[in-house]
Engineer: 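Starting off with a structure, shown below.
Chain A is the first sequence line, chain B the second, and so forth, proteins listed ahead of strands; every chain is numbered from 1. Predicted, not measured: the structure shown is a model, and the values here were computed from it.
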2 protein chains.
Amino acid sequence: MVVIEAGARGFLRIMIKRAKGVTISQVADAAGVARSSVSRAFTKPDMLLPETVDRIMKAAEALGYVPNHTARALSTGRHGNVGLIVPDIANPFFPPLIQAAQMEADRSDFCIFLGNTEESPKQEDKLVGRFAGQVEGLVLASSRLSDERIRAHAAQLPLVLINRDIDGIPRVLIDSGSGVRGAVEHLAKLGHRKIVYVSGPQTSWSNKQRRNAIRSAAASAGVAVEIVAASLPSYNSGRNAVDAILSTGATAAVAFDDVTAQGVLAGLAERRVSVPGDFSLIGCDDVLGAVTYPALTSVSNRSREAGRVAVSLLLDLLQSGAIRDVRYVLETHLVVRSTTGAMP
Amino acid sequence: MVVIEAGARGFLRIMIKRAKGVTISQVADAAGVARSSVSRAFTKPDMLLPETVDRIMKAAEALGYVPNHTARALSTGRHGNVGLIVPDIANPFFPPLIQAAQMEADRSDFCIFLGNTEESPKQEDKLVGRFAGQVEGLVLASSRLSDERIRAHAAQLPLVLINRDIDGIPRVLIDSGSGVRGAVEHLAKLGHRKIVYVSGPQTSWSNKQRRNAIRSAAASAGVAVEIVAASLPSYNSGRNAVDAILSTGATAAVAFDDVTAQGVLAGLAERRVSVPGDFSLIGCDDVLGAVTYPALTSVSNRSREAGRVAVSLLLDLLQSGAIRDVRYVLETHLVVRSTTGAMP
DNA sequence: CTGTTAGCGCCTTCAG
DNA sequence: CTGAAGGCGCTAACAG
């Protein structure tokens, strides 16, 4: 129905009155049954005579009835939503994760609340609170919260963590260690004797993990390692790190992530250092695919799987009602492309 | 409280009983007032004596009361959520848009439901339906639905479109035409006499817009144009288009988007065609920032603003209750970096 | 198998 | 300014 009325200041306002939800009672009347039967027809049809279900469904269809999600949620306490909170949607690490989470939720007819914390713990706390009332559970990806806050939230509602290792809270971890070890061995085999690790954020769980993996792998391969800090994981900090990298005398580098690696790649090109002729470079996360030139050798990241598994785990927990201390680890591996070659 | 109980099959199950929501009644009792007063204290405090509000708030705090969103929604019909549906989260065009939408919603304490349609109209329809019950309004970004379906949905709940131009439905459009014209003029000024447009998906509103803008701008600048189709907007189709591009004899190209342009860039490098020395290249959407080497000249995209404006518009509509026929157009412009130079 | 009867937790008239 | 009562739409025992 379209309504045209005079607004407060005299001008015309066009309003479209939207269909006011048909209720279960109207359907019940139309079908000549009790409200509860209509409810059952939609939730537990096997409790009813097939023909009754049929009659109810016909009436419902005719009236355009559609169950009210909110009312059902209030009554059952289950609303069929899960929340997903990430620090930065725009970081290429997350979109595939989000997408996979979404697909997995969809398979069970769940909806996803998405939250972006802008890397701020305060914002993260706020979002958890805002979501808490309307989701059955939450996935926290690369949370920036303290262990205490996370534990506190976990006491309020089912929680699954991604890339955060807290005892007693279900978590899925991407073990970049395995892939990073492969990277170091790959470089050693190519003859490199000294490499540098271009590090990421000091507070990052992944950075710590990668740094340690490189150190130990290099030690056992007899390769020297130097660390060059690139505070932020960004293109610019990678590019700015190039002088420091070259001054170490190393012939190869592993960067905290692909974005940083791409910055390094650009910096090297500007200085006429050819890759992989004069210098070899490896990224992490494999988020750039083969889009750089030369195509970047990188460590696979499996963020897509992490998203899928996390949601799947959460839905399992919701269904079973139990909390299991799950620690799901995803191994990674080296993806060799064109930025690595024999030591010059 | 931690409970350890024997599970059905005898093994131990550890469960954490979560705090069962404190209700308004408990607060009312504790504060010695009626339930309605507690409700008012939270929604219309000015209707109450300041000291009453105070007493209620104290009691609420002590009990750890937090209003039940679902119950409130059932009662008021407003649940403080909006939905955002996109075709492909992983396409770099969308994350900034999503992020901005999220921030704008957050400013008004709204939560965002995110839906990913995998480019499928069927999935999009399904998501709209699933969301409909629990959001007050919806933003459809680059919808793949037919005009009819969109109109049908718009009749059910408030809708705002991004990059889709349908009369009578509020929409925000990114006009890449202006930027693309700038691109052509830029190339003409550099002396190029023949250019190619590497086109995107035939069904895309943006592709049509860009193609037309290039044609008309080239005509008035006296530049010849050829179209090379790159069916999908992807790195590979860009790279595969390179031979066709070079065989036209053109000295410059504008690509449908940055991802395609990056593929072209790689293809050119493989064929030892130097950029911008031998060939000039311009992308669209500016999603790669300056991360390619050489840094890509591109047309700005403003997807971030589109996301922000769309949500802001939607919230306005919700508040006013009226439907205005808004058509919000965002102009774009050329961002000159290092892939364009004088005709060889 | 189906109807009856209570709520779920909150908001909102309507009286005082 | 505050209390009492009814209802939002649906589900969940409990009877038949």
Engineer: When you check the phosphate oxygens OP1 and OP2 of D/dA12, does a side-chain N or O of A/K44 lie under 4.0 Å from one of them?
Structural biologist: yes

Engineer: Think B/S37 has a side-chain N or O under 4.0 angstrom from the OP1 or OP2 of D/dG3?
Structural biologist: yes

Engineer: Please report the distance, rounded to the nearest Å, between CD in A/Q134 and P in C/dC8.
Structural biologist: 21 Å

Engineer: Does this structure show an ion pair linking B/R164 with B/D147, if we count only N-O contacts that are shorter than 4.0 Å?
Structural biologist: yes

Engineer: Rounded to whole Å, how long is the line connecting atom CZ of B/R72 with atom P of C/dT12?
Structural biologist: 9 Å

Engineer: Figure out the CG/P separation between B/N68 and D/dC8, and round it to whole Å.
Structural biologist: 18 Å

Engineer: Salt bridge or not for B/R171 and B/D325, using N-O below 4.0 Å?
Structural biologist: yes

Engineer: With side chains defined as the heavy atoms from C-beta onward, is the minimum distance between A/S142 and A/F94 less than 4.5 Å?
Structural biologist: yes

Engineer: Using a cut-off of strictly less than 4.0 Å between a heavy atom of the residue and any atom of DNA chain C, enumerate the qualifying residues of residues 45-53 of chain B by number.
Structural biologist: none

Engineer: Looking at B/T76, I'd like to know whether one of its side-chain N or O atoms comes within less than 4.0 Å of OP1 or OP2 on C/dC11.
Structural biologist: no

Engineer: Measure the distance from CZ on B/R35 to P on C/dT12 and round it to the nearest whole Å.
Structural biologist: 14 Å

Engineer: Taking only the side-chain nitrogens and oxygens of B/S39, find out if one of them lies under 4.0 Å from OP1 or OP2 of C/dC11.
Structural biologist: yes

Engineer: For B/H79 and C/dC10, give me the distance from atom NE2 to atom C1', rounded to whole Å.
Structural biologist: 15 Å

Engineer: Please check: side-chain N/O of B/R151 versus main-chain N/O of B/I166, any donor-acceptor pairing under 3.5 Å?
Structural biologist: no

Engineer: Tabulate atom names and distances for all N/O pairs under 3.5 angstrom spanning the protein and nucleotides 13-16 of chain D.
Structural biologist:
{"from": "D/dA13", "atom 1": "N6", "to": "A/R40", "atom 2": "NH2", "distance (Å)": "2.8"}

Engineer: Let me know the distance between CG of B/L74 and P of D/dG6, rounded to the nearest Å.
Structural biologist: 18 Å

